[in-house]
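The basis for the numbers below is simple: all heavy atoms, side chains too, and nothing from hydrogens, waters or symmetry mates. Proteins get letters first, then strands, A, B, ... in listed order; numbering begins at 1 in each.
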Amino acid sequence: MIQAIAFYLFAIVVIAAAAMTISARNPVHSVLWLILAFFNAAGLMVLMGAEFIAMLLVIVYVGAVAVLFLFVVMMLDIDFAEFRAGFVRYLPVGLALAVLLVVEIIFYGFAVWQTDSLQLARRVAPTPESVPNIQAIGDLLYTRYLFVFEGAGLVLLVAMIGAIVLTQRQRGGTRPQNIARQNARRPWEAIRKVQPPVGQGVEL
Amino acid sequence: MTAWFETWGMPYGWAWFVATIIGILVIALPLMLAVAMIIYADRKIWAAMALRRGPNVVGPLGLLQSFADGLKVFLQETIIPSAANKGLFLLAPIITFTVALIVWAVIPFQAGVVLANINVGLLYVLAASSLGVYGVIIAGWASNSKYPFFSALRAAAQMVSYEVSIGFVLISVVLWAGTFNLSGIVEAQQGLYGFVNGFAFNPLLFPMAVIFFISSLAETARTPFDLTEAESELVAGYQTEYSSMSFALYWLGEYANVLLMCTLNAVLFWGGYLPPFDWAPLYWVPGILWLFAKILFFFFVFSWVKATVPRYRYDQLMRLGWKIFLPVSLFWIFLVSGFLMLTRVGVPS
């Protein structure tokens, strides 16, 4: 019973938070609602027994991606009137996309409904109870899907290098810190002890 | 404990529920007391290193100082700045405080004594500690004030940076232990070379222990890395606009986090509830006392660092995180996994 209560709690919060994400006036509030939605989606995954995915969702999305999101959105200076002006113009495209997604979901629902038990058993191959799902995912990822996995890693690496190359520009006139030189500097190079007589300053 | 309630005739669900609630109280209430005493200890150690007396007026030896402070803030008025975003402003300290408490659910206090013995324990710790940054960011933004906002930006960048190297350090520990379960990690540390308990005694993992300790200083924003509340630059950082209980929640959350990081140091690298040496008479002392002794030792080191090390500059902080810790810990993962491949290959995990 506790599981059912938890499921409905998480599910309702996810939907409500998702609705608030798109309807909140302030973009920072939007991001915060989005974070709440992520967090509760992780809760749903725990209920399904996919605790590894749930933890990754929280660590990667809530802990890192959303922080950067928030970081950027907090510093934006957004004109809300301009936001509203674009709303009507993009409404048809948005509606078309929404209808497409709903139709897809319905088709998918029917597809699952109509499959017989054999097909279903082939599609979902539940891991045995005794195998923790980290181990199950690891076994699949590093044996059967090794090349796909490494390919994905390579794509990410290329994207990362691309982002660095695109954003890094050399500006003239900067004086970057030379850490090695700073560390190599010793007190006697920087400090001079003097005992100036009264009424006389120090000559630099 | 669930089983004990079941003997009273409760159905399993309710027995589990009641047992869990009691377990939470048994951890959280002593934790609050411990936080109060640890604040006092911090001030005493700090004072001793500065050749001062520290708090010595309230109660014998000043032992009740923290409670007096708590009473004081409780009686003060909660001031909410008129320009602040009220809901988020009040939510932020609650997030910090809650996140500081929820991680304790997976800490093993003794063999088998843990509230939630989940098999992704370490990931849970990482997930919950990555939530902690929201308390700071939301506070900085919702205060709608200059210094808290700067502080929030600094905190966000700092915590995300050091979480990366903490993650890699944890992976090398997990590789060695072969499990994400914290009790399993503690058990895996038993009998290294036949006489010591703790991964830190392993020369291959000792550098990771050092990196983890320094990163945990950065993660809790303790002194060499306390740029989020650098009082000479940012007044009091993200807490500037807070007063009364909302400020107290930050304070408690901060120290609960410090205690947590000390505990993680003890659990991951120094054998947790195991005695330091694998020698039978030492096991007569209950494991929880060994764990507390280790936590207190690390807390002393935290205070020691706070009293002696000057604050880093922000670029130095970022350089340490990204240019030193990240490459070293990444390289160490290859080293550790290579070593394990050489020595344990063919052994099923």
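Looking only at heavy-atom pairs under 4.5 Å with chain A, the residue among Ala152(B), Ala128(B), Ala127(B), Ser130(B) that has the most is Ala127(B). Listed options Leu153(B), Ile137(B), Leu126(B) were ranked by heavy-atom pairs under 4.5 angstrom with chain A; first place goes to Leu153(B). Per-residue heavy-atom pair counts under 4.5 Å with chain A were compared for Leu123(B), Val160(B), Leu88(B), and the maximum is reached by Leu123(B).
Other residues, nucleotides and ligands contribute over 12 non-hydrogen atoms within 6.0 Å of the CZ atom of Phe97(B). Counting heavy-atom neighbours within 6.0 Å of Gln168(A) CD, excluding the residue itself, gives a total of 12 or less.
For a heavy-atom cut-off of 4.5 Å, chain A lies close to Arg313(B), Asp315(B), Arg319(B) in residues 311-321 of chain B. Heavy-atom neighbours of chain B within the stretch residues 52-61 of chain A, taken at a separation under 4.5 angstrom, comprise Phe52(A), Met55(A), Val58(A), Ile59(A). Within residues 35-46 of chain A, the residues approaching chain B closer than 4.5 Å by heavy atoms are, in numerical order, Ile35(A), Phe39(A).
To the nearest 0.5 angstrom, Ile138(B) atom CD1 is 4.5 Å from Leu32(A) atom CG.
Looking at Leu70(A) and Trp141(B), their side chains never come closer than 4.5 Å, going by heavy atoms from C-beta outward.
Screening residues 176-188 of chain B for side chain to side chain donor-acceptor pair (under 3.5 Å) gives Asn117(B)-Asn181(B), Glu187(B)-Tyr273(B) as the qualifying pairs, with residues at least two apart or on separate chains.
Distance alone, capped at 3.5 Å, is enough to place a donor-acceptor pair between the Tyr134(B) side chain and the Val62(A) backbone.
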